Structure formats: structure tokens, C-alpha cells
Amino acid sequence: MKSVFNVFLSFVFMLIISEFIARILFSPFFVDEKEIKKFRAPISYKSGGMRIAMLGDSFTYGSKVKDDETSSFLLQKLLIERLKRDDVFVDNFGISGTSTIEQFLIYKDNIKGKKYDFVILNFFIDDLTPYYYSNTLLNEYEYCRDLLNIREKIVSYMFYFRTFEFLYVYSDILLTYLEAGTPLTPVSYMIAKMRNKDSLRFRCALNRLINLGEDIKAEGAIPIFMLIPSLTLYDSQNPYPEEIAGYETDLMLLAQRSGFYVIDLPAELREVLDQRYIIKGDIHYNADGYRLISEILADKIMEVSGERSANR
């Protein structure tokens with residue numbers, strides 16, 4: 001009995017040492033909420049006029065372009081010109097690397113209750129399950145507690161330990177790549193996760209998309225879902241163009257059922273969007289690409305505004 005107790009104590013001691021070492025050597029894989037409040041520009045919350053909030057990842061934030069070349073800046077400029085009024089305000093709540101889970105939290109903390117007229121969700125296909133796994137992600141086991149099954153509830157408590165977090169996350173990445181059965185690329189990782197519809201992050205992202213549409217409408221604002229074309233994924237590293245297109249179609253249908261006005265940018269820009277509008281060696285759009293996107297958005301906002309005015 002004494003030997004069993006000694007073995008148990010030795011095991012506990014090793015766990016404590018492992019946890020101590022892990023906290024020194026490894027940063028937390030998941031971020032906390034303060035990391036997803038670093039917006040591109042201070043949010044003004046100006047009152048009156050037409051107020052628009054934009055949600056999304058790096059395509060909303062405007063990675064690789066200047067402040068006056070982002071889709072939010074260009075949209076505000078376009079609407080001021082077209083509507084011939086200077087009280088149009090577009091606030092950019094985009095944060096690079098986020099998924100719909102983080103974007104829903106940003107909405108709840110920063111947009112809900114602030115009396116916006118429009119809330120635009122710019123959706124890129126990896127917002128379901130980011131293909132660059134380590135980004136600015138919240139731990140879905142903490143932020144999706146309403147969707148946890150029994151096994152996931154047990155796992156959620158284990159994330160208090162940095163050692164478990166490290167082992168769990170990287171074993172999950174390895175197993176997912178093995179499951180993909182193709183070259184180990186970020187896209188193959190993303191596709192494998194979307195095929196596994198039981199994944200908590202995938203289930204939670206779908207649920208939060210539904211929550212977003214319903215909450216925005218309940219607030220009296222107009223929700224717009226804009227699908228950002230995944231043109232740059234259709235290259236040599238991606239053997240799944242048709243499969244990705246299928247997921248995009250499913251997401252647009254879900255968004256529509258959740259109350260969003262849907263903009264199918266791949267269809268809208270099919271004739272004009274090509275590699276000229278993408279930063280060379282990158283997946284993001286250049287200033288001309290964002291200009292095209294802002295023009296489509298401005299058209300939709302004016303169309304919806306006209307419909308609402310006519311129905312009053």
C-alpha cells in the first residue's frame with residue numbers, strides 16, 4: 001500500500017513539475033478577450049446619421065493595405081459621395097485571424113446596443129475553422145459552453161493546465177493532418193476540420209453565425225453577410241476547390257435563413273476579380289481589390305435602404 005502511495009505522490013510531483021516547466025516555456029495557445037479588442041482605428045461611436053459596423057478577420061481589418069485603402073474606409077467614402085451627406089460612419093471591428101466565434105463576442109461586447117443601422121459580417125471560408133490554427137483564437141471549450149457534450153465538459157476543465165493545453169492542441173493538429181490524407185498544408189487542415197462536423201469549433205461557429213443574424217435583427221439593425229471570395233486558395237496547395245465552393249454555398253444559405261441579406265461576392269465579381277487584385281505572394285486583396293468589394297457593399301446598402309424606405 002505504501003509503495004502505491006509513493007508512486008501516486010511521484011506522479012503528482014511530476015505533474016506539478018511539468019506544469020511549472022510548461023508555464024515557463026510555452027505561451028498559452030488560446031488568447032483572452034483583451035487580445036480581440038485591438039481594432040485598426042479607435043471606434044468613434046458617433047451618434048446620428050447612418051452608422052455601419054463591419055465584422056470579420058484580416059480581410060475586414062485590411063491586412064497589407066493603408067488605413068485609407070481598407071474596405072471600411074472606402075465604403076464610408078463611397079456612401080458619403082452617393083448619398084450626398086457627410087454623416088455616414090463605418091466602424092471597422094475586424095481582427096486578423098479570428099473566426100465567427102470571436103466575431104460574435106466582438107459583436108456582443110462592442111456593437112450590440114449601440115444603435116447601428118447596419119452590421120456587416122465579412123465571411124472568409126476559414127472563419128469556420130481557421131486554417132492557420134494558432135491565431136487570435138478563444139478557447140471554444142470555454143466560450144461555447146452552451147454546446148458542450150459530456151466528454152467536452154470534462155475536457156474543458158483540463159484546460160486549466162498549460163501542459164494539457166499544449167499536448168491536446170498539438171496532438172489534435174497532428175491527428176487532423178493524418179486524417180486529411182493529403183500534403184500537410186493549411187488548407188488540408190481546414191478542409192479536414194470542416195468535414196468533421198462534430199468538431200466543437202465547427203459546430204460553435206455555425207451556431208454563432210445563426211446567433212449573429214438573429215441578434216442583429218432583434219436589435220433593429222440590418223444584417224449583411226458578405227462572402228469574401230477564396231480565390232487565393234484555388235492554387236497548387238489546394239486540391240479542394242469544388243469542395244470549398246460547396247461549403248461556401250451552404251454557409252450563404254444558412255446566413256440567409258438566419259436573417260442576413262447575403263452578398264455572393266464570388267458571383268458578383270466573377271468577371272473582374274483575378275490575381276491583379278491580390279497582393280503578390282499573399283492571400284489578401286490589394287487596394288483595388290478592396291475598392292471592388294466596397295462598391296458591391298455600397299450597392300447593397302443603398303438597395304436595402306431603398307427597400308426599407310419604400311415599405312414604411
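Computed from a predicted structure; not experimentally measured.
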N/O donor-acceptor pairs under 3.5 Å from side chains in residues 49-60, not counting sequence neighbours:
{"unit_1": "Arg51", "atom_1": "NE", "unit_2": "Lys46", "atom_2": "O", "d": "2.4"}
{"unit_1": "Arg51", "atom_1": "NH1", "unit_2": "Lys114", "atom_2": "O", "d": "2.4"}
{"unit_1": "Arg51", "atom_1": "NH1", "unit_2": "Lys115", "atom_2": "O", "d": "3.0"}
{"unit_1": "Asp57", "atom_1": "OD1", "unit_2": "Phe59", "atom_2": "N", "d": "3.1"}
{"unit_1": "Ser58", "atom_1": "OG", "unit_2": "His284", "atom_2": "NE2", "d": "2.6"}
{"unit_1": "Thr60", "atom_1": "OG1", "unit_2": "Leu55", "atom_2": "O", "d": "3.3"}
{"unit_1": "Thr60", "atom_1": "OG1", "unit_2": "Asn122", "atom_2": "ND2", "d": "2.9"}

Using distance only, find each side-chain donor-acceptor pair of residues 249-259 under 3.5 Å and give its atom names and separation, not counting sequence neighbours.
{"unit_1": "Thr249", "atom_1": "OG1", "unit_2": "Ala245", "atom_2": "O", "d": "3.0"}
{"unit_1": "Ser258", "atom_1": "OG", "unit_2": "Leu254", "atom_2": "O", "d": "2.8"}

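For the side-chain contact (heavy atoms from CB on, under 4.5 Å) criterion with Thr176, the lone passing option out of Leu174, Asp172, Ile173 is Asp172.
Classification of Asp215 and Lys112 as a salt-bridged pair holds, one side-chain N sitting under 4.0 Å from a carboxylate O.
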### Message
Before you tell me yes or no, could you show the steps for Ser96 and Ser63 under side-chain hydrogen bond (donor to acceptor under 3.5 Å, both in side chains), namely the whole-Å CA-CA distance, both residues' side-chain angles and the distance that decides it to 0.1 Å?
### Response
CA-CA 8 Å; Ser96 297; Ser63 292; 3.3 Å; yes
Might you work through the side-chain hydrogen bond (donor to acceptor under 3.5 Å, both in side chains) test for Thr136 and Glu35, ending with a clear yes or no?
CA-CA 7 Å; Thr136 45; Glu35 294 299 319; over 6 Å; no
Starting from the C-alpha separation in whole Å, work towards a yes-or-no answer on side-chain hydrogen bond (donor to acceptor under 3.5 Å, both in side chains) for Glu243 and Tyr247. CA-CA 7 Å; Glu243 189 170 357; Tyr247 291 129; 3.0 Å; yes
Does Tyr277 form a ring pair (Phe, Tyr, Trp, His ring centres under 6.0 Å) with Tyr285? I'd like the steps, not just the answer. CA-CA 6 Å; Tyr277 299 101; Tyr285 296 103; 8.6 Å; no
Would Asp91 and Tyr45 count as a side-chain hydrogen bond (donor to acceptor under 3.5 Å, both in side chains) if you check the C-alpha gap in whole Å, the side-chain angles of each, and the deciding distance to 0.1 Å?
CA-CA 8 Å; Asp91 289 325; Tyr45 291 122; over 6 Å; no
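Separation of atoms CZ (Phe202) and CZ (Arg195) is listed at 12.0 Å; rounding is to 0.5 Å. Taking CG from Leu209 and CD1 from Ile101, the interatomic distance works out to 11.5 Å, rounded to the nearest 0.5 Å. Put simply, CG on Leu74 and OG on Ser294 are 4.5 Å apart, with the number rounded to the nearest 0.5 Å. Here the straight-line distance linking atom CG of Asp299 with atom CD1 of Ile263 works out to 8.5 Å at 0.5 Å rounding.
In this structure, Phe29 has its ring center no closer than 6.0 Å to that of Tyr168. Annotation: Tyr177 is in aromatic contact with Tyr189 [ring centroid separation under 6.0 Å].
The environment of CZ in Arg85 is crowded: more than 12 heavy-atom neighbours from other residues, nucleotides or ligands sit within 6.0 Å. Under a cut-off of 6.0 angstrom, the local environment of CD1 in Ile150 is sparse, with at most 12 non-hydrogen atoms contributed by other residues, nucleotides or ligands.
Taking Arg40 as the reference, Asp67 meet the salt bridge (Lys or Arg N to Asp or Glu O under 4.0 Å) condition, with sequence neighbours excluded.
For Asp126 (side chain) and Thr129 (main-chain N/O), no donor-acceptor pair under 3.5 Å exists by modelled atom type.
Ring-plane geometry between Tyr157 and Tyr160 is classed as parallel, the angle between the planes falling under 30 degrees on a 0 to 90 degree scale with a further cut at 60.
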